[in-house]
Amino acid sequence: MIPQTFIDELLNRVDIVDVIEKFVPLKRSGANLSACCPFHEEKTPSFTVSQQKQFYHCFGCGAHGSAISFLMEYQGLGFIDAIENLAARVGIEVPRDQRNDRAEKQKDFKDYFLTNSRAASHYKRQLKDAPNAISYLKGRGIDGNVAAKFLVGYASDDWQGLNEEFNDYDESQSLLDVGLINDKDGRRYDRFRGRIIFPIRDFRGRVIAFGGRVIDKGEPKYLNSPETPLFHKGKEVYGFWESRNTIRQVGRILVVEGYMDVVALHQSGITYAVATLGTAVTESQVSRLLKQSSDLIFCFDGDSAGRKAAFRALESSLSQIEDGGKISFLFLPDGEDPDSFVRIHGREVFEENILAATPMSDVLINELTRQSGDLDSVEAKSKLASLFKPLVTQVKAPMMRKLLTERVLGLTGLSSGDLGLEDELKTSKSFRRSSGTVGEYTAPSRATSAPSVLQHLLEIIIVFPSVMRDDDGKYLDELRPNLENVFSPSQFDVLAEILGLVGAGLKQLQIVARVKGTIFEVPVVRAVELANIRYQEDKVEIESVKTEYEQAWEQLNRLSRLNLQKELLSKTSLSSLSEEDKARYRSLMGPITDQKAD
């Protein structure tokens, strides 16, 4: 365990500006530095770095933290790895258990990474002299740039091809430990022979394993590295390192099954695709991916095997999804995989299908209903309930769990008590309305990993009412119908109420007094507390807050446009739209030129 005193000292010695500037171009903006946020797509900079306070904050998506949290989020590092990275920058040792076996283990790991890196370079060089492998890749539509991006290589038919790279081939323990060679009766030989090689990189970009695909006929079609000290198949995914920048920009991850699928999708321009490694999707993989994006789309073949694989992925996702997260499933036509589909139909059609993917909740209910049979019978309803109960108990997200339970109760006519889930519908808190009657105020769920933009607007106008514009209340009413699947009705209600009170000239203390004893009291008091923390001691310029306020409205407009796009594509494919709807879709795809929604 690393002492907190060391962490504090480390943060004092590291300049957060130096850390972030290696990844994000910062520009001076008053006392702080700013840039377009690296954690969400935007055109107007809302990402601020304070050199004085040594923290970063994005006023668009809410991302914030220290140099440690930046490395964890941006590079996907664990806490210990991020600390070790920063300590290496300033040349200090991380205090930890100094037992010899741990030191030896760290030394071994460095040797393993070096061995894999050298092997990847060897395979890459071999590809240049393998016309059959080059011809195969070109036949699959893969050009040299994309092959280089993924370090694609080739293992010759030579039984000891790696001997060219490793002079200690016959003695090296690292080659054995990382699974690059086998040893049978004292004779060593390469694990990968006559195959296209796909190096597998971890979330830090280090080569940890390899996958090999035969060019002609042969079994197995795909061959992976075995489990090693570096490589645990159920924890890793292929292609994240190569996709990480696009994932941050588009805010979603497409999960497919094979190496070639990922490479082919990147070739076509869909550069947010990753792949599982030939095994069923695990909870560990889902957890790691959800830390990078709250929007996952699993893509499977539409045959029975693909649907079984999808349901296994769904089961692994139930315990990992959080309220506000989104997991969907895209089923391709029978006989097609992502590689063949994108080559035949093109990127535009494929992305239409991605946007129209089936939500996890629908896949779950549809599959359980299919297994149960005709719900007109008592037996089928009973079976549906019995199938559903052990699955829903895995769901930790309270709102998700509640809504799924309500759907099944509606289908079966049972009560939550009948299912033994009495607490599932008791997830909202009661507050007193202004009329004196008791109403329901549901705690807002998070549409993303960042705080709600509606909450952010609320905090700003409570502290700085002068930034409000005359038509903001009307504009909120215009946007609301397109955003009701993103934010809870209560969030809209409280913001609309405060916009009205601020428009009537009330100040912060007057607003708090006016909403006391009403449904709005708790969210308003919470917003005041958070706002006073965020804008402590008036250390902010009003022009900066005004810009922040306008950017929040722009973000709402952007979300509204995206939802309208999805609504159009959910009704039909882009090619089947009327000319009027196509024109509307193109206008939604264009840049935001003013604050008003289309």
Side-chain angles (χ1 to χ4, degrees), residues 104-138 140 142 144 146-202 204-233 235-239 241-242 258-260 262-263 275 277-278:
E104 235 3 85
K105 185 177 180 181
Q106 294 298 322
K107 177 180 179 298
D108 288 344
F109 273 37
K110 290 180 181 179
D111 290 342
Y112 295 155
F113 286 124
L114 178 59
T115 298
N116 279 336
S117 178
R118 290 176 61 188
S121 297
H122 169 77
Y123 292 136
K124 188 176 180 181
R125 290 193 300 271
Q126 293 296 306
L127 179 62
K128 297 177 182 179
D129 299 320
N132 59 332
I134 294 173
S135 176
Y136 173 83
L137 291 171
K138 287 184 176 179
R140 299 292 294 267
I142 308 302
V146 171
K149 176 182 180 180
F150 285 89
L151 306 181
V152 177
Y154 176 70
S156 69
D157 291 321
D158 191 339
W159 282 77
Q160 294 187 331
L162 286 173
N163 201 12
E164 295 180 18
E165 173 68 27
F166 297 91
N167 296 328
D168 59 346
Y169 184 91
D170 292 325
E171 294 82 28
S172 172
Q173 186 61 38
S174 291
L175 284 172
L176 281 173
D177 290 346
V178 300
L180 282 167
I181 64 175
N182 297 323
D183 190 328
K184 184 176 182 181
D185 299 328
R187 176 174 170 77
R188 295 187 169 199
Y189 58 93
D190 290 1
R191 179 180 183 84
F192 300 102
R193 303 181 308 280
R195 292 176 180 269
I196 303 287
I197 298 296
F198 299 91
I200 301 167
R201 294 195 266 201
D202 65 9
R204 295 176 62 178
R206 302 171 300 187
V207 178
I208 56 173
F210 299 88
R213 190 198 191 284
V214 294
I215 295 177
D216 300 315
K217 294 180 180 179
E219 294 295 336
K221 183 177 179 181
Y222 283 98
L223 179 66
N224 291 327
S225 294
E227 294 280 315
T228 72
L230 297 182
F231 179 54
H232 303 284
K233 192 180 298 185
K235 295 183 178 180
E236 304 295 339
V237 295
Y238 175 74
W241 178 256
E242 293 81 2
Y259 305 110
M260 278 303 303
V262 172
V263 177
L277 297 165

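Each residue takes its place number in the sequence, starting with 1.
- Once rounded to the nearest 0.5 Å, the distance linking CD of Gln126 with NZ of Lys124 reads 13.5 Å.
- The backbone N or O of Lys221 lies less than 3.5 Å from a partner atom in the side chain of Arg195, making a donor-acceptor pair.
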Evaluation steps, side chain to side chain contact (heavy atoms under 4.5 Å, CB included), between Ser225 and Phe231
CA-CA 8 Å; Ser225 294; Phe231 179 54; 4.1 Å; yes
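- Contact detail for Ser174 and Thr115: the closest heavy-atom pair is CB-OG1, 3.3 Å.
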Are Asp177 and Leu230 close enough, and set up right, to give a side chain to side chain contact (heavy atoms under 4.5 Å, CB included), and what steps lead you there?
CA-CA 9 Å; Asp177 290 346; Leu230 297 182; over 6 Å; no
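- Asp202 places a side-chain N or O within 3.5 Å of a backbone atom of Arg206 that can act as its donor or acceptor partner.
- Annotation: side chain of Met260 is not in contact with side chain of Ile196 (no heavy-atom distance under 4.5 Å).
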Criterion side chain to side chain contact (heavy atoms under 4.5 Å, CB included) on Ile142 and Val152, from CA distance to verdict
CA-CA 10 Å; Ile142 308 302; Val152 177; 6.0 Å; no
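- A side-chain donor-acceptor contact under 3.5 Å links Asp190 to the backbone of Gly161.
- The distance from atom NE2 of His122 to atom OG of Ser156, rounded to the nearest 0.5 Å, is 6.0 Å.
- Arg204 contributes atom CZ, which lies 9.0 Å from atom CH2 of Trp241 (distance to the nearest 0.5 angstrom).
- In plain terms, the two heavy atoms of Val214 and Pro220 that are nearest each other are CG1-O, 3.7 Å.
- Once rounded to the nearest 0.5 Å, the distance linking CG of Asn116 with CG of Leu175 reads 9.0 Å.
- Atom CG of Leu180 is separated from atom OG of Ser172 by 9.0 Å, given to the nearest 0.5 angstrom.
- Residues Val263 and Tyr238 meet the side-chain proximity criterion, which asks for heavy atoms closer than 4.5 Å.
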Side chain to side chain contact (heavy atoms under 4.5 Å, CB included), that's the test. Do Arg188 and Asn163 meet it? Break it down for me.
CA-CA 10 Å; Arg188 295 187 169 199; Asn163 201 12; over 6 Å; no
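- Enclosure of atom NZ in Lys233 by more than 12 non-hydrogen atoms of other residues, nucleotides or ligands within 6.0 angstrom is indicated.
- In this structure, Glu242 does not pair ionically with Lys149, as no charged nitrogen and carboxylate oxygen lie closer than 4.0 Å.
- Minimum interatomic distance between Pro199 and Ala120 (heavy atoms only, all atoms of both residues): CG-CB, 4.2 Å.
- Smallest separation of non-hydrogen atoms from Gly239 and Val262: CA-CG1, 4.5 Å.
- Using cut-offs of 30° and 60° on the angle between ring planes, the pair Tyr112 and Phe109 is tilted.
- The distance from atom CG of Asp183 to atom CG of Asp170, rounded to the nearest 0.5 Å, is 9.5 Å.
- The ring pair (Phe, Tyr, Trp, His ring centres under 6.0 Å) test with Tyr123 singles out one residue from Phe210, Tyr154, Phe150, and that residue is Phe210.
- By the 30° and 60° cut-offs, the orientation of the rings of Phe198 relative to Tyr259 is parallel.
- Of all non-hydrogen atoms in Leu277 and Asn224, the two that sit nearest each other are O-ND2, 3.4 Å.
- Distance alone, capped at 3.5 Å, is enough to place a donor-acceptor pair between the Arg118 side chain and the Glu165 backbone.
- With Arg193 contributing its side chain and Gln160 its backbone, the two residues share no donor-acceptor pair below 3.5 Å.
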